[in-house]
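As the structure is a prediction and not an experimental result, all values here were calculated from the model. Residue numbering restarts at 1 for every chain, and letters A, B, ... go by the order of the sequence lines.
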Protein chains: 2
Amino acid sequence: MDADKVFKALADPTRRKLLDLLCEQNGQTLSQLCESIDMARQSATQHLGILEDASLVSTVRRGREKLHFINPVPLHEVYKRWVRKFEHQRLNLLHDLKKELEGK
Amino acid sequence: MDADKVFKALADPTRRKLLDLLCEQNGQTLSQLCESIDMARQSATQHLGILEDASLVSTVRRGREKLHFINPVPLHEVYKRWVRKFEHQRLNLLHDLKKELEGK
DNA sequence: ACAATATGCAGGCTTTTACCTGCATGTCAA
DNA sequence: TTGACATGCAGGTAAAAGCCTGCATATTGT
């Protein structure tokens with residue numbers, strides 16, 4: 001998993017919206033997704049390409065259509081590597097911060 | 001919490017490294033952090049400014065020094081809103097994907 | 001076959017990002 | 001008080017990001 005690609009992919013609101021849309025209904029085509037994001041189709045293609053390159057989305061060609069599916073694995077990896085780490089130390093970190101803000 | 005600022009802040013490897021450094025030793029000064037990131041001090045300042053603007057880092061002035069502390073709250077918010085959502089559906093999503101890749 | 005549909009590809013434009021250098025300001029300690 | 005140290009601030013540049021238009025290709029249904 002390329003953490004940098006995943007984080008960069010998540011950094012754009014349009015791409016997060018695309019993930020949300022796929023979470024509501026998995027397997028949508030490019031055209032379907034385009035109806036929800038108010039943007040030229042070609043721009044959506046770019047965004048989906050970035051999501052796919054980060055392995056956050058996998059696609060399947062069916063005739064002239066392209067179906068898009070969420071791949072939850074890299075998000076889980078990010079969670080394990082980044083979020084959980086800070087979650088574990090969360091109370092300690094909050095304590096540090098509070099103490100310092102109080103003027104120690 | 002501004003989710004967009006948080007995601008954009010996390011999108012840069014240098015900034016993620018800064019968070020890691022602070023996780024190892026909370027409350028470091030700008031100069032201390034600079035020793036670890038091979039970059040002009042002014043660039044580090046910019047990165048830290050972005051982290052601070054996203055509320056991922058809080059700072060305290062002590063004399064001529066500026067101490068940097070991790071604020072774990074926005075990361076927790078991101079976790080609740082984004083990661084957990086996909087975690088809950090993780091097995092379903094994996095199932096969708098597998099079935100489609102098998103040619104249905 | 002052919003018109004409509006779904007997507008791919010190339011190039012251009014504008015804004016943002018991530019660096020940098022140079023100089024200014026504030027603080028400490030001898 | 002003055003030299004060394006820590007940080008702030010103001011540009012400037014090159015690369016990347018995000019959007020677009022225009023045209024090409026592939027598939028479907030009548």
[X] side-chain N/O to [N] phosphate OP1/OP2 under 4.0 Å:
X: B/R61; N: D/dG8; value: yes
X: B/K66; N: D/dG8; value: yes
X: A/T14; N: D/dG18; value: no

Are B/V6 and B/L75 packed together at the side-chain level, in the sense that at least one heavy-atom pair is separated by less than 4.5 angstrom?
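Result no, sub-4.5 Å side-chain heavy-atom pair not found.
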| said: Within the 4.5 Å heavy-atom criterion, are B/T45 and B/L48 side-chain neighbours or not? | reply: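 No, every pair of side-chain atoms sits at 4.5 Å or beyond.
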Can you tell me how far [atom2] of [N] sits from [atom1] of [X], to the nearest Å?
X: A/L10; N: D/dA17; atom1: CG; atom2: C1'; answer: 16 Å
X: B/R62; N: D/dT7; atom1: CZ; atom2: C1'; answer: 15 Å
X: B/L30; N: D/dA6; atom1: CG; atom2: C1'; answer: 8 Å
X: A/L18; N: D/dC19; atom1: CG; atom2: P; answer: 10 Å
X: A/Q46; N: D/dT21; atom1: CD; atom2: P; answer: 13 Å
X: A/R15; N: D/dA16; atom1: CZ; atom2: C1'; answer: 12 Å

How would you label the contact of B/S43 with the nucleic acid (heavy atoms, under 4.0 Å): base, sugar-phosphate, or nothing?
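B/S43: base contact, heavy atoms under 4.0 Å.
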Assign A/R41 to base, sugar-phosphate, or nothing according to its heavy-atom contacts below 4.0 angstrom with the strands shown.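 Here A/R41 touches the bases of the nucleic acid.
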Is any NZ, NE, NH1 or NH2 atom of the basic residue among A/E87 and A/R84 found under 4.0 Å from an Asp or Glu carboxylate oxygen of the other?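 No, no charged N to carboxylate O under 4.0 Å.
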- Is B/R16 salt-bridged to B/D20, going by a charged N under 4.0 Å from an acidic O?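 Answer for the salt bridge query: no.
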### Message
If we count only N and O atoms by modelled type, under 3.5 Å, do the side chains of A/E52 and A/T59 hold a donor and an acceptor together?
### Response
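Yes, a side-chain donor-acceptor pair sits under 3.5 Å.
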Check: What nucleotide among D/dA17, D/dC19, D/dA6 has an atom nearest to a side-chain atom of A/K8?
Finding: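 The answer is D/dA17, which lies nearest to the side chain.
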Exercise. Closer to the 5' end of DNA chain D via nearest nucleotide, is it B/T29 or A/M39?
Worked result: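 Comparing both residues, the 5'-ward one is B/T29.
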Hey, which of these two, B/E65 or A/I50, hits DNA chain D nearer its 5' end, going by closest nucleotide?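 Looking at the nearest nucleotide for each, B/E65 comes out on the 5' side.
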Side chain to side chain contact (heavy atoms under 4.5 Å, CB included) partner of B/F86, the single match among A/N71, A/L56, A/L19
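Testing B/F86 for a side chain to side chain contact (heavy atoms under 4.5 Å, CB included) against A/N71, A/L56, A/L19 leaves exactly one candidate, A/L19.
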Chain B on DNA chain C: first and last contacting nucleotide, 5' to 3', under 4.0 Å to a heavy atom?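 On DNA chain C, the outermost contacted nucleotides are C/dT17 to C/dC28.
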Report the relative orientation of the aromatic rings in A/Y79 and B/Y79; use parallel for angles under 30°, tilted for 30 to 60°, perpendicular for over 60°.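 Plane angle under 30°, so parallel.
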